[in-house]
A.B. asks: 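Have a look at this one.
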Number of protein chains: 2
Amino acid sequence: MTFHQAEHPLLVIPGSIEVSDDVLLANATPSQSHMSKSFVQTFGETIKMFRQVLVTERGQPFIVAGSGTLGWDMVASNLTEPGDEALVLHSGYFGQSFADCLETYGAKVTQLKAPVGQCPSREELVQALKAKKYKIVTITHVDTSTGVLSNPQMISEVVHEISPDTLIVLDGVCSVGSEVIRMDEWSLDVVMCASQKGLGVPPGLSLVCASERAIRIVETRKTKINSYFASWLNWLPVMRGYEQGKPVYFATPPIQIICALHTSLKEITSRPIEERWARHKQASIDFKQFVTDELGLKQVPSDPSIAANGMTAIYFPDGLSASDIIPRLLERGIVVAGGLHKEIKDKYFRIGHMGITVMDTKTRNDLEKVKDALRNVFKEAGYVQYFLAKYFVKSISSKHMENENNTSASESSLPPLDEANRRKLHAFYSSMALPGSSPDDGLQSIDSDNVNCDVR
Amino acid sequence: MTFHQAEHPLLVIPGSIEVSDDVLLANATPSQSHMSKSFVQTFGETIKMFRQVLVTERGQPFIVAGSGTLGWDMVASNLTEPGDEALVLHSGYFGQSFADCLETYGAKVTQLKAPVGQCPSREELVQALKAKKYKIVTITHVDTSTGVLSNPQMISEVVHEISPDTLIVLDGVCSVGSEVIRMDEWSLDVVMCASQKGLGVPPGLSLVCASERAIRIVETRKTKINSYFASWLNWLPVMRGYEQGKPVYFATPPIQIICALHTSLKEITSRPIEERWARHKQASIDFKQFVTDELGLKQVPSDPSIAANGMTAIYFPDGLSASDIIPRLLERGIVVAGGLHKEIKDKYFRIGHMGITVMDTKTRNDLEKVKDALRNVFKEAGYVQYFLAKYFVKSISSKHMENENNTSASESSLPPLDEANRRKLHAFYSSMALPGSSPDDGLQSIDSDNVNCDVR
């Protein structure tokens, strides 16, 4: 059957993301028995392909009806026993929630909190690990609330060096499928995620992968696992069974969404995963360049090196807020997300660029649509300074080019920037000291070199 | 869009069940934000309609990505505190599992176990409630492993009389939408179910409804709730928010399957729920009559009054087993379920008749297809006695009719039953003492009156 999903606004929140027609059609697979040969094969292949995406040979996947949140319960209830020490590397909202979940199951949690837009440094981590022995350390790979990207490879190296028995848990809800993850090579003990982000499937699945070491810890723990639905011991026979072609019952698996995941994973694993990561990275670089250089806006992550590749978190310029921008984008058929981190909730918005929005440039044009809409919407919202800035930059550029090449630049037909506008522009840059920004951002000055470098 | 689901074998296991094209298409709803106006309205309406199905005005629904099993975790983690006493009324496999789940969260469980095919009696319940004070009592409304139907109304009356503070929990996984449930009138504190059975939606949702009393218990408990994902306190603002038109975030809701549930509930609530119950009951009576009278087979429930209306659990006749019947049904495009209850696992099979298989007799003909397939498959498997029996009955009947009306019955053209066949038939009935059957089943004799009464 040729299936085309209904027309709808373009969804570019940092998950759920747009999904392909094929994946949606698989989500409308007719009813079938969870014990049927066909479904057993589908589920078994899905388990294997999930391993491929995480670049692990020995990890044990758990694919269960739920949401990303359920993965925290799995980690907390299986890997910690009441009283165990846990270190949460906090880079936003989701670090706090993971900590809350761990405490629910009796773990004693220390949070290593970074200021908004940052993640804990290597030095802080070293210090924390030397101060106390932890059963587990958790990393939010991409904190969806801030768009901050942590460095699990570095963290894992530090942990293995200082505290080799500590289990390393990567919350990859907003990173699996869009950020580089090498589970075995980085010696991660758990990678957990959900279906609706980088994997390009509707929401409704919790996906977790546990290392052999993590499974041994569960099998040899002193106290009973204090959850039933989240217990890996209940799911282990199911996952192993389906992978070996034999259905085992614990709870009815969510057939249709597993079929959808199967379809998406087939597409994802049909090409080297490195290619997917590179495509996400390039799309992110392009989009962020547009946001900072063309729109003159500031990202929430304090440094480009810690900005996620699957999403962009952007501060509103002074004088504008969510209500100026988000409804206007919606009118143009573009759905973005508002703020989530409570310290800056009303001061920024978020755009996701994962999955087919990035990968399918043959039949889709998502990010160009988003850019066009942003250009128009900011203009409409009265962000005139942006246009002045752009004008100013172009004017400077064309002057530079004229000087250097002694030819007329393409923008040279622009009318000259008069003194009144120049003053407005200066005032605008002076007002750009945004929450968390440093005075070094180079936006306080209209020195033409700085402008060229930081604004365009 | 006109959407027709792909051709596929007819699924008549006791869940997952067949779902309509409309529901499947809703499960392929394009991506949308969980904060969007459209989804907020869909989810809000879904919550309200779920209440209608349970005939409750004040119950608090929780609709969460998961499976039916997660409902047990919700009950155990929210309503019991470690050390609390729980009484599990056990009518099959799922009573044991519910007990295991309660114990996981620290409850002290007493199981009131009935023999296979039965549920605990009123007298046993009275005795149990008088012997000990219980925080909660749990009922498996329909135990999917046996097809046994409990009587929650009677149980609730007894509990309210003897132990009015005890919370009453109905596991309605295999009953909501197909069996009579009046949550308010029967003063039930929790009704829990899943999406893939009587509600006619793909698997992937845990649906729970809690009484005001149950919510008060959660809000005033002494110890912290010992689950994060299953905690009602985490979900309460979400459910109340969406119902009031305001999205609240705890975990990403499974958009598509909630859209599918919305579509199914709209269809279900478009007619009085009593009509749906009656249709399921009549279909069940018809189908069971076919199984017992025409096929001459025996049900697992020991008495028709405790047989579910949404499914039928049937013993194989002596000499036949799952491998004789189930693959042959599959060859004919009919998918039934094998045994699940470990005491009788290989001795019976199960057929579901819920949702559109029962309700949509305009465009579907599911149960007639199932009957035809069963007739042919049992014949093919060598169950010749059945045909002899049928022949014999018809022969007797026509003789009766001839005597009474002095006219020739329609079957009178059948050739006479000879002595050899009559002997085979006698031997067959003599061999029909099936597991759990009583000598009073009337199948030991070929007395013509008995045959007329019990076999046809």
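Numbers restart at 1 for each chain; the letters A, B, ... are given by sequence-line order, proteins then strands. Just so you know, these numbers use all the heavy atoms, side chains as well, and skip hydrogens, waters and symmetry mates.
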A.B. asks: Of all residues at least two apart in sequence or in a different chain, which pass the side-chain hydrogen bond (donor to acceptor under 3.5 Å, both in side chains) check with A:T223?
C.D. replies: A:E81, A:R221
A.B. asks: Which one of A:N226, A:L205, A:L330, A:V64 has the most heavy-atom pairs closer than 4.5 Å to chain B?
C.D. replies: A:N226
A.B. asks: Which atoms of B:Q32 come close to chain A, meaning under 4.5 Å heavy atom to heavy atom: side chain ones, backbone ones, both, or neither?
C.D. replies: backbone
A.B. asks: Is B:L24 close to chain A through its backbone or its side chain, or both, or neither, when contacts mean heavy atoms under 4.5 Å?
C.D. replies: both
A.B. asks: Could you list which of residues 97-107 of chain B have a heavy atom closer than 4.5 Å to any heavy atom of chain A, in residue-number order?
C.D. replies: B:S97, B:D100, B:C101, B:T104, B:Y105
A.B. asks: Heavy-atom distances under 4.5 Å only: say whether B:I225 touches chain A with side chain, backbone, both or neither.
C.D. replies: backbone
A.B. asks: Pick one of side chain, backbone, both or neither for B:V335, based on which atoms fall under 4.5 Å of a heavy atom in chain A.
C.D. replies: side chain
A.B. asks: Heavy-atom pairs under 4.5 Å with chain B are the metric here; pick the option from A:A28, A:S231, A:G68 that has the most.
C.D. replies: A:A28
A.B. asks: How long is the span from the OG atom in A:S31 to the CD atom in B:Q5, to the nearest 0.5 Å?
C.D. replies: 6.5 Å
A.B. asks: Would you mind reporting whether A:V173 and A:F94 have side-chain heavy atoms less than 4.5 Å apart?
C.D. replies: no
A.B. asks: I need the minimum non-hydrogen distance between A:S67 and B:A65, along with the two atoms involved.
C.D. replies: N-CB, 4.4 Å
A.B. asks: Just checking heavy atoms, which of residues 250-260 of chain A are less than 4.5 Å from chain B?
C.D. replies: A:F250, A:A251, A:T252, A:P253, A:P254, A:I255, A:Q256
A.B. asks: Classify the ring geometry between A:F229 and A:W235 as parallel (under 30°), tilted (30 to 60°) or perpendicular (over 60°).
C.D. replies: perpendicular
A.B. asks: Of the listed residues (B:K224, B:H8, B:E18, B:M35), which shares the most heavy-atom pairs with chain A below a 4.5 Å separation?
C.D. replies: B:H8
A.B. asks: Just give me the residue among B:G15, B:P202, B:A194 that pairs up with chain A most often, heavy atom to heavy atom, under 4.5 Å.
C.D. replies: B:P202
A.B. asks: Atom CG of B:L10 and atom CZ of B:R364: how far apart are they, to the nearest 0.5 Å?
C.D. replies: 6.5 Å
A.B. asks: Between B:S38, B:S77, B:P203, which has the largest tally of heavy atom pairs under 4.5 Å with chain A?
C.D. replies: B:P203
A.B. asks: Which of these, B:I334, B:L329, B:V12, sits in a side-chain contact (heavy atoms from CB on, under 4.5 Å) with B:I351?
C.D. replies: B:V12
A.B. asks: When the ring planes of B:F3 and A:F3 are compared, do they come out parallel, tilted or perpendicular, using 30° and 60° as the limits?
C.D. replies: perpendicular
A.B. asks: Any chance you could measure A:L70, atom CG, to B:L70, atom CG, to the nearest 0.5 Å?
C.D. replies: 7.5 Å
A.B. asks: Any side-chain donor-acceptor pair under 3.5 Å between A:D22 and A:S20?
C.D. replies: no
A.B. asks: Under a 4.5 Å heavy-atom cutoff, which of B:G204, B:P30, B:A337 has the most pairs with chain A?
C.D. replies: B:P30
A.B. asks: Working to the nearest 0.5 Å, report the span between CZ of B:F39 and OG of A:S16.
C.D. replies: 9.0 Å
A.B. asks: Once side-chain contact (heavy atoms from CB on, under 4.5 Å) is applied, do any residues pair with B:I17, and if so which ones, sequence neighbours excluded?
C.D. replies: B:M354
A.B. asks: If I take atom CG from residue A:N78 and atom CG from residue A:L233, how far apart are they, to the nearest 0.5 angstrom?
C.D. replies: 6.5 Å
A.B. asks: Looking at every non-hydrogen atom in both residues, tell me the closest pair between B:S33 and B:S36 and how far apart they are.
C.D. replies: O-OG, 2.9 Å
A.B. asks: Classify the ring geometry of B:F43 against B:Y242: parallel below 30°, tilted from 30° to 60°, perpendicular beyond 60°.
C.D. replies: tilted
A.B. asks: Just so I understand: if I count every heavy-atom pair under 4.5 Å between each of A:V23, A:V19, A:T69 and chain B, which residue has the most?
C.D. replies: A:T69
